[in-house]
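Letters A, B, ... are given to chains in the order of the sequence lines, protein chains preceding strands, and every chain is numbered from 1.
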Amino acid sequence: MRRMEELNIVMKERLKKAEIFEQEGIALYPNHYKVDHKLSDVVEKLKDRTAEELEEAKERFCVAGRIMAIRSFGKSIFMHLQDDRNRLQIYLQKDRVSEDQFNFAKRVDIGDIVRVKGIAFRTKTGELTILVEDFVLLTKNLRPLPEKFHGLKDVETRYRQRYVDLIMNDFVREVFRKRTKIIQTIRQFLTERGFMEVETPMMQIIPGGATAKPFKTHHNALGIDLYLRIAPELYLKRLLVGGFERVFELNRNFRNEGISTQHNPEFTMLEFYQAYATYEDLMRLTEELFVALCDAVNKGNKQIIYQGESINLSPPWRVYQFMESLVEIGKLPEDKITTLDGTIELAKSLGIPVERYEGHGKLLTKLFDIVVEPKLIQPTFITHYPLEVSPLSRKNDENPDLVDRFELFIAGREIANAFSELNDPRDQRERFIKQIEAKQAGDEEAHEMDEDYIRALEYGMPPAAGEGIGIDRVVMLFTDMPSIRDVILFPHLKPEKKGD
RNA sequence: GGGCCGUUAGCUCAACAGGUAGAGCAGCUGACUCUUAAUCAGUUGGUUCGGGGUUCGAGUCCCUGACGGCCCA
């Protein structure tokens with residue numbers, strides 16, 4: 001049901017005008033007009049031509065765009081047309097177009113989409129301009145755009161009506177162009193290295209592969225509950241069992257948790273798996289990937305500025321073992337963190353709530369989140385995580401309490417998580433059982449048993465390493481955006497009004 | 001979930017110490033053939049987020065709810 005809305009004065013005027021146009025036989029939404037050139041291509045092509053060169057060439061162009069500004073005189077009119085990338089000025093003189101078209105051009109509104117044909121030239125002030133010979137309406141605007149100088153600032157409106165945000169704010173269009181470029185670059189990078197892109201279920205019977213609360217839905221015909229995936233991990237590893245040696249999936253995950261500047265309920269994740277590789281191989285691959293991203297969206301410059309901090313992405317990146325980072329970066333006393341009692345004491349002194357089901361490893365990661373993570377501004381790999389918090393990772397050969405895993409941190413945030421994969425089905429079953437015990441003790445996020453996954457491992461999964469990278473955070477990094485909402489086209493917000 | 005801040009014209013913002021709700025842009029009318037935040041003259045437009053309360057009087061104070069931002073958990 002559409003909400004009835006009081007029409008403001010401007011909209012009333014526009015509707016009235018639209019009716020008059022129709023009575024005059026002017027189509028408001030015609031679809032048969034073609035263009036010869038994209039507006040931005042004309043700007044790109046001619047931007048360095050001098051006034052004399054343009055005068056000499058007298059080249060004609062037919063372009064379309066949205067009217068963003070009108071400066072109207074008695075017998076001449078200037079307008080700015082905009083497409084997704086550029087703005088181009090057009091100039092109408094009364095004696096250069098038909099009288100009907102000139103009179104019509106006098107009555108169009110900011111926000112209308114029009115097509116013009118004309119000759120490119122430079123004005124006295126040197127601005128590239130099309131001298132119009134033909135002017136037609138393509139789409140009538142009925143709703144006034146935000147003010148031309150201050151634009152649209154209100155963040156709520158920007159997120160709820162992203163289409164207006166995109167019209168008004170050039171930097172927003174740039175952010176999303178960069179986002180697309182980053183995703184394309186990642187696909188190309190992996191494909192060139194023999195990875196195959198695959199699609200695995202978004203609706204899963206057992207939500208696995210991560211520790212998070214899932215969204216629940218229901219399949220009517222089957223009469224079963226399904227969960228939106230929190231990760232594709234266990235399906236991708238089934239493909240390793242099946243014989244695909246390098247696979248990746250770059251798509252949405254869903255986690256039923258709070259919304260913040262770092263979290264959207266649906267977010268984009270890259271996961272890739274490589275047989276016959278270790279987590280250390282993936283450290284090198286990750287460094288190479290970021291270099292490729294610098295080439296693609298940062299002109300090859302490996303220095304980026306994020307929220308005022310200068311970050312150097314040149315490899316090799318520094319590496320700390322998990323325990324080492326707590327002592328050296330977190331400045332925690334080594335003798336305390338090596339014992340459970342000492343760790344509980346430290347946690348309590350830092351105001352961290354300690355749950356009964358949380359073991360030593362889990363508590364250490366809570367300490368890490370507070371005392372180490374925010375300090376990891378420059379790219380840093382943290383390795384050798386506790387077994388307890390890594391139910392799908394391969395045990396370290398030297399120390400069975402640790403796993404062959406790393407996480408990557410940049411700008412004080414977790415960007416990637418990777419490990420050598422646990423492929424011993426007997427060990428995996430034990431790990432699942434431990435998780436179930438944690439769940440029974442109250443850990444809502446603990447992993448569930450997945451018998452089919454165990455069955456797959458029993459057929460034999462080749463030794464492999466896998467990694468997940470949070471794409472939204474990578475985009476934030478490369479676009480210098482402080483909130484995940486700034487890099488997601490339509491971020492989740494509460495509904496604006498109760499239904500009527 | 002908690003704390004702080006915010007919500008006023010289509011947009012960006014004012015409104016002292018509680019005393020008739022304003023400006024710029026946009027819109028409308030008119031003038032103007034190289035302007036670019038065009039200019040000049042005139043002019044329309046308000047459920048001050050919703051609901052209660054205090055008061056002679058509430059955009060402003062109090063209570064409550066909605067939505068948003070930032071921080072914390």
(request) Would you mind building the protein contact string for nucleotides 24-30 of chain B? One character per nucleotide, 5' to 3', B for base within reach (heavy atoms under 4.0 Å), S for sugar-phosphate only, - for untouched. (result) BBBSS--

(request) Give the B/S/- string for nucleotides 67-73 of chain B, one per nucleotide from 5' to 3', where a protein heavy atom under 4.0 Å of the base yields B, of only the sugar-phosphate yields S, and otherwise -. (result) SSSSS--

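Here the C1' atom of nucleotide B:G10 and the CE atom of A:Met168 are 12 Å apart, to the nearest Å. Nucleotide B:U33 holds its P atom 16 Å from the CG atom of A:Leu131, rounded to whole Å. One interatomic measurement links the two molecules: CD1 of A:Ile77 to C1' of B:U39, which rounds to 16 Å at whole-angstrom precision.
Going from the C1' atom of B:G53 to that of B:U60 covers 15 Å, rounded to whole Å. Rounded to whole Å, the separation between the C1' atoms of B:C34 and B:A41 comes to 23 Å. Remark: the separation of the P atoms in B:A21 and B:U47 is 13 Å, to the nearest Å. The separation of B:C40 from B:G51, taken at their C1' atoms, amounts to 47 Å, rounded to a whole angstrom. Taking the P atom of each, B:U55 and B:G50 are spaced 23 Å apart, rounded to whole Å.
A:Lys439 and A:Glu444 are not joined by a salt bridge, as no carboxylate oxygen comes within less than 4.0 angstrom of a charged side-chain nitrogen. Taking a cutoff of 4.0 Å between a charged side-chain nitrogen and a carboxylate oxygen, A:Arg60 and A:Glu133 qualify as a salt bridge. Taking a cutoff of 4.0 Å between a charged side-chain nitrogen and a carboxylate oxygen, A:Asp170 and A:Arg85 do not qualify as a salt bridge. A salt bridge links A:Glu13 with A:Lys16: at least one charged nitrogen is closer than 4.0 Å to a carboxylate oxygen. Salt bridge annotation for A:Arg173-A:Asp84: absent, with no cationic side-chain nitrogen under 4.0 angstrom from a carboxylate oxygen.
Close to B:U35, at under 4.0 Å from its OP1 or OP2, lies no side-chain N or O of A:Arg71.
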(message) Wobble G-U and Watson-Crick pairs count when both distances are under 3.5 Å; given that, what is the 5' to 3' dot-bracket string of RNA chain B, with | for pairing to other strands?
(response) (((((((..((((.....[..)))).(((((.......))))).....(((((..]....)))))))))))).

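Between the side chains of A:Glu266 and A:Asn253, not a single donor N or O lies within less than 3.5 Å of an accepting N or O. A:Tyr91 and A:Gln89 share no donor-acceptor pair across their side chains, judged by distance under 3.5 Å alone. Defined by atom type and a distance below 3.5 Å, a donor-acceptor pair is present between the side-chain atoms of A:Tyr159 and A:Asp486. A:Gln378 and A:Asn312 share no donor-acceptor pair across their side chains, judged by distance under 3.5 Å alone.
Interface remark: the A:Glu127 side chain does not form any donor-acceptor pair with the B:U35 base, using a distance-only criterion of under 3.5 Å.
In this structure, the side chain of A:Glu22 does not engage the main chain of A:Ala27 through any donor-acceptor pair within 3.5 Å. Formation of a donor-acceptor pair under 3.5 Å by the A:Glu233 side chain with backbone atoms of A:Ala210 is not found in this model.
Residue A:Lys153 is classed as a sugar-phosphate contact, given heavy-atom separations below 4.0 Å to backbone atoms only. Residue A:Phe121 is in base contact, counting any heavy-atom pair closer than 4.0 Å across all strands shown. Backbone-only engagement by A:Asp154 is indicated by non-hydrogen atom pairs under 4.0 Å involving sugar-phosphate atoms exclusively. No engagement by A:Gly258 is indicated, since no non-hydrogen atom pair under 4.0 Å with the nucleic acid exists.
Under a cutoff of 6.0 Å and an axis angle of 45°, A:Arg405 and A:Tyr385 form a cation-pi pair.
Each of A:Gly126 and A:Lys94 was matched to the nucleotide of RNA chain B holding its nearest heavy atom; the match closer to the 5' end belongs to A:Lys94.
Of the candidate nucleotides B:C34, B:A38, B:G10, B:G10 has the atom lying nearest to any side-chain atom of A:Asn8.
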